[in-house]
Amino acid sequence: MSVPEAITSLQNPQVKRLVRLRERRERERDGVLLIEGARELSRALQAGLQPETVYLCPALYSPDATQLAPTLPGATGLSRAAFEKVSGREHPDGVLAVVSAPRPTLPEPGPDAVVVVLHGLEKPGNVGAILRSADAAGAQSVLVLGRGADPYGPNVIRASQGSVFTLPVAALPEDEALAWLSERGFTTFACTPDAPRSYWDAPLTGRVALLLGTEHEGLPAHWRAADQAIGIPMHGARGADSLNVATAAALVLYECARQRRAAPAGLAAS
């Protein structure tokens with residue numbers, strides 16, 4: 001595939017729009033996502049998302065980009081300087097797309113569904129890493145509450161390695177999330193450092209919702225009042241009293257997966 005003559009002017013209206021779309025309010029106003037990176041765009045395409053516009057810069061191609069580019073008809077070329085202007089990466093790979101924002105629907109949960117609930121997490125790297133772990137460990141969906149990190153922001157997409165497109169991720173008001181979990185019989189587990197019960201001693205089978213809050217403030221009181229509270233024991237001798245929230249989420253998610261391997265299918269939590 002040949003890329004059309006590249007846009008070179010940094011004042012070009014398309015270049016200016018791409019720069020604006022790095023801001024959440026601009027993406028929400030236009031109803032679009034900004035997806036950068038060949039791997040991430042590949043996963044978005046596999047999930048059925050359709051690009052509004054694709055931008056390519058062959059001078060920056062990675063091996064993955066070189067393989068993907070011929071499958072992207074109608075792409076717009078950008079010069080190296082223009083692409084680096086709109087990119088949010090230190091080492092861009094020459095692939096970027098504007099895509100209509102998805103409207104994910106939460107599937108009806110199976111008897112052993114695991115749902116991750118994120119309350120107010122602000123760091124895109126943590127949100128993206130949790131999405132990646134949730135996908136890898138077989139969670140059914142992720143609910144994002146509050147005005148923390150945009151679950152479909154470019155940095156979250158990158159940190160998730162595109163996993164945000166492979167499982168349902170829904171941003172919901174708190175009351176809707178609580179009602180959805182309650183109506184479907186989920187057992188809620190507040191993940192908090194001061195919980196008296198270790199996560200590996202908790203019955204994490206059946207329909208389970210794992211509640212995670214910010215590292216600084218944790219979960220608000222009405223979410224800490226979950227069915228059960230679980231923590232991760234700290235055995236270090238040098239003062240570590242908690243783990244990064246993404247690391248903690250990965251541990252508990254894989255404990256859920258381990259218990260499901262050992263338990264009969266459909267065993268309810270008790």
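For reference, positions follow the sequence shown, starting with 1.
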Checklist outcome for this item: Distance col, row Leu251:CG vs Ser133:OG, nearest 0.5 angstrom, shows 9.0 Å
Checklist entry - Between Arg207 and Gly110, is there a donor-acceptor pair closer than 3.5 Å when you use the side chain of the first and the backbone of the second? => result yes
Item to check | Minimal non-hydrogen separation, Glu36 against Arg89, with atom names | outcome: O-NH2, 2.6 Å
Item to check | Stepwise side chain to side chain contact (heavy atoms under 4.5 Å, CB included) test for Val142 and Ile130 | outcome: CA-CA 9 Å; Val142 177; Ile130 292 171; 5.5 Å; no
Item to check | Ser79 (side chain) donor-acceptor with Ala82 (main chain) under 3.5 angstrom | outcome: yes
Checklist outcome for this item: Nearest heavy-atom approach of Thr192 to Ala229 is CG2-CB, 4.2 Å
Checklist entry - Is Ser182 reaching over with its side chain to a backbone N or O of Ala179, donor-acceptor style, under 3.5 angstrom? => result no
Checklist entry - In chain order, what residues pass the salt bridge (charged side-chain N to carboxylate O under 4.0 Å, His left out) check against Glu183, with sequence neighbours excluded? => result none
Next on the checklist: If you define the side chain from C-beta out and look only at heavy atoms, does anything of Val86 sit under 4.5 Å from Tyr55?
Outcome noted: no
Checklist entry - Do Thr214 and Val245 have side chains that get closer than 4.5 Å, going by heavy atoms? => result no
Checklist outcome for this item: Taken to the nearest 0.5 Å, the spacing of Leu68 CG from Ser42 OG works out to 4.0 Å
Checklist entry - Which residue pairs pass the ring-ring contact (aromatic ring centres under 6.0 Å, His included) test when at least one of the two sits in residues 129-186, sequence neighbours left out? => result Trp180-Phe186
Checklist entry - Between CD of Gln46 and CG of Leu41, what distance do you get to the nearest 0.5 Å? => result 10.0 Å
Next on the checklist: Using modelled atom types and a 3.5 Å cut-off, is there a donor and acceptor pairing between side-chain atoms of Gln228 and backbone atoms of Thr187?
Outcome noted: no
Side-chain atoms of residues 115-129: list all donor-acceptor pairs with protein atoms under 3.5 Å, sequence neighbours left out, distances to 0.1 Å.
residue : atom : partner : partner atom : Å
His119  : NE2  : Glu174  : OE2          : 2.9
Asn126  : OD1  : Asn244  : ND2          : 3.1
Asn126  : ND2  : Glu215  : OE2          : 3.3

Checklist entry - Under the side chain to side chain contact (heavy atoms under 4.5 Å, CB included) criterion, do Val156 and Asp150 qualify, and how do the steps go? => result CA-CA 7 Å; Val156 172; Asp150 178 3; 5.8 Å; no
Item to check | Pairing residues for Arg29 by the salt bridge (charged side-chain N to carboxylate O under 4.0 Å, His left out) criterion, not counting sequence neighbours | outcome: Glu26
Item to check | Stepwise salt bridge (charged side-chain N to carboxylate O under 4.0 Å, His left out) test for Glu255 and Arg258 | outcome: CA-CA 5 Å; Glu255 178 61 16; Arg258 186 196 68 79; 2.7 Å; yes
Checklist entry - SG of Cys57 to CD1 of Ile7: how many Å apart, nearest 0.5 Å? => result 11.5 Å
Checklist entry - Under 3.5 Å, is there a donor-acceptor pair between the side chain of Arg43 and the main chain of Thr166? => result no
Next on the checklist: Let me confirm one number: the CZ-CG distance from Phe189 to Asp227, rounded to the nearest 0.5 Å.
Outcome noted: 7.5 Å
Checklist entry - Which pair of non-hydrogen atoms, one from Val164 and one from Pro151, has the smallest distance, and what is that distance? => result CG2-O, 3.4 Å
Checklist entry - Do Trp200 and Met234 sit in the same hydrophobic cluster, where Ile, Leu, Val, Met, Phe, Trp and Tyr count as joined when their side-chain heavy atoms come under 4.5 Å apart? => result yes
Checklist entry - Does some side-chain heavy atom of Arg24 sit less than 4.5 Å from a side-chain heavy atom of Arg27? => result yes
Please table the atom pairs, donor to acceptor, closer than 3.5 Å between any side-chain atom in residues 90-102 and protein atoms at least two apart or in another chain.
residue : atom : partner : partner atom : Å
Asp93   : OD1  : Val95   : N            : 3.2
Asp93   : OD2  : Ala38   : N            : 2.8

Item to check | Inter-residue atom distance Glu40.CD - Ile35.CD1, 0.5 Å rounding | outcome: 9.0 Å
Next on the checklist: Is the shortest side-chain heavy-atom distance between Val252 and Leu204 below 4.5 Å?
Outcome noted: yes
Checklist entry - Does Arg39 CZ have over 12 foreign heavy atoms under 6.0 Å away? => result no
Item to check | Those residues that, when tested against Tyr199, pass ring pair (Phe, Tyr, Trp, His ring centres under 6.0 Å) (two or more places apart) | outcome: none
Item to check | Shortest non-hydrogen contact from Leu131 toward Ser163 | outcome: O-CB, 3.9 Å
Checklist entry - Is Arg20 paired with Asp30 through a side-chain N to carboxylate O contact shorter than 4.0 Å? => result no
Item to check | Shortest non-hydrogen separation from Arg184 to Pro109 and the atoms involved | outcome: CD-CD, 3.8 Å
Checklist entry - Can you find a pair of side-chain heavy atoms, one from Arg260 and one from Val114, that are under 4.5 Å apart? => result yes
Item to check | Test log, rule side chain to side chain contact (heavy atoms under 4.5 Å, CB included), inputs Ile232 and Thr247 | outcome: CA-CA 11 Å; Ile232 297 172; Thr247 301; over 6 Å; no
Next on the checklist: Quick check: closest heavy atoms across Lys16 and Gln11, and the distance to 0.1 Å?
Outcome noted: CE-OE1, 3.2 Å
Checklist entry - Is there a path from Val19 to Leu21 through hydrophobic residues (I, L, V, M, F, W, Y) whose side chains come within less than 4.5 Å of each other? => result yes
Next on the checklist: Does Leu78 form a side chain to side chain contact (heavy atoms under 4.5 Å, CB included) with Asn12? I'd like the steps, not just the answer.
Outcome noted: CA-CA 10 Å; Leu78 292 179; Asn12 180 279; over 6 Å; no
Checklist entry - Is Glu28 atom CD crowded by more than 12 heavy atoms from other residues, nucleotides or ligands, each under 6.0 Å away? => result yes
